[in-house]
There are 2 protein chains.
Amino acid sequence: MINIREKLAQNGLKVTPQRVAVYEAITRLNNHPNAEAITDYIKRKYPNIAVGTVYNTLETFVQKGIISRIKTNGDVMRYDADLNGHHHLYSRDARRIEDYHDEELNQFLSEYIRKKQIPNFTVEDINVQIVGKFID
Amino acid sequence: MINIREKLAQNGLKVTPQRVAVYEAITRLNNHPNAEAITDYIKRKYPNIAVGTVYNTLETFVQKGIISRIKTNGDVMRYDADLNGHHHLYSRDARRIEDYHDEELNQFLSEYIRKKQIPNFTVEDINVQIVGKFID
DNA sequence: TCTTATATAAGAATAATTCTAATTTATATT
DNA sequence: AATATAAATTAGAATTATTCTTATATAAGA
């Protein structure tokens, strides 16, 4: 578990209650929330936060590598505080997104792609989206 | 190469010049265009097409499985007329997206995921996004 | 405590997409 | 070929997510 205050300081960012709140919202919600869900969550304790601040903060965090953005299919941008290389399970409509951790798969893919040598392209990250149906 | 007129008929869709134009724009542009690029392309020959029609048409095509939408990272929705299972290479900013065809990888992944049996999830599609730098 | 660069609030602006209602058209039927 | 009708298109208004602007407030170092 990351200490967000330290992380902010390490990145030369001021430690503000808004930033701490945004980070906590993402980890607490824990379901790849979008900006609106994050804002709503924060407003329960901190009703005056401006949406612009939430968007700014999210952008800053993504730039600094504190969180990541998740690519979706027709849905709005969503965010993830888990930075351990992992993949995602998507419902068809991408409304629901869950983590899929699989170290064996990570190993295989980076090795495979490294060997394959894609011409004119330097690989930085590999990302698997598994689309299907959640049963529950 | 698919005959779009037949494809429309097969799907119970009327064969209109707008629909044909949208499909042709996506195949001709061939670089995962967004709705704006598609509209601009069509307007050169067909200046009166309404943006709403382009959006409707894209949505209809996606529903019917005639084209696919591509998930991106902060960019707008983009479209692909190539339905042969393939993956994508993304630049960091996702401005540039290229196809990555690799049948061996497809084989491996579907086999791997099938064996792995993700609990409470039925896999329908697997999608690899390779993020990195294009060299050229 | 003071200074100042940085961050935030509030709301206006923008951009992508969707919606609405009137009109037109593709296709099935005569 | 003409007609009927369900479906599609147009034009522009509406909506929604996100970004921008500017004045004010604040964190952190001196």
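Sequence lines set the chain letters: A, B, ... in the order given, protein chains first and strands last, and positions in each chain run from 1.
- Protein atom CZ of R19(A) is 11 Å distant from nucleotide atom P of dT6(C), rounded to whole Å.
- Follow the hydrophobic side-chain contacts under 4.5 Å out from V62(B) and you reach I38(B) in the same cluster.
- For the pair V128(B) and D102(B), the minimum side-chain heavy-atom distance is 4.5 Å or more.
- Residue contacts shown for P17(B) are limited to sugar-phosphate atoms, with no base heavy atom under 4.0 Å away.
- In this structure, N11(A) places its CG atom 12 Å from P of dA7(C), rounding to the nearest Å.
- dA16(C) atom P lies 11 Å from atom CG of D40(B), rounded to whole Å.
- Between dA16(C), dA10(C), dA7(C), one nucleotide has an atom nearer to the side chain of E36(B) than all others, and that is dA16(C).
- Between Y55(A) and dT18(D) there is a side-chain N or O to OP1 or OP2 distance below 4.0 Å.
- Using a 4.0 Å heavy-atom distance criterion, V15(A) is classed as a sugar-phosphate-only contact.
- As rounded to whole Å, 11 Å separates atom P of dT6(C) from atom NZ of K64(A).
- Contact between the side-chain N/O atoms of Q18(B) and the OP1/OP2 oxygens of dT25(C) is not found at any separation under 4.0 Å.
- Interatomic distance, CG of L58(B) versus CE of M77(B), reported as 11.5 Å (0.5 Å rounding).
- Side-chain atoms of H87(A) and N106(A) include a donor-acceptor pair closer than 3.5 Å.
- The nearest whole Å value for the distance from the CG atom in L13(A) to the P atom in dA7(C) is 6 Å.
- Residue K14(B) has its side chain nearest to dT25(C) when only dA28(D), dT25(C), dT8(C) are considered.
- Not less than 6.0 angstrom separates the ring centroid of Y100(B) from the ring centroid of F121(A).
- Atoms CG (N56(A)) and C1' (dT21(D)) sit 12 Å apart, rounded to a whole Å.
- Regarding L8(B), its CG atom lies at a distance of 16 Å from the P atom of dA7(D), rounded to whole Å.
- Nucleotide dT17(C) holds its C1' atom 17 Å from the CZ atom of R78(B), rounded to whole Å.
- Neither OP1 nor OP2 of dT26(D) sits under 4.0 Å from any side-chain N or O of T16(A).
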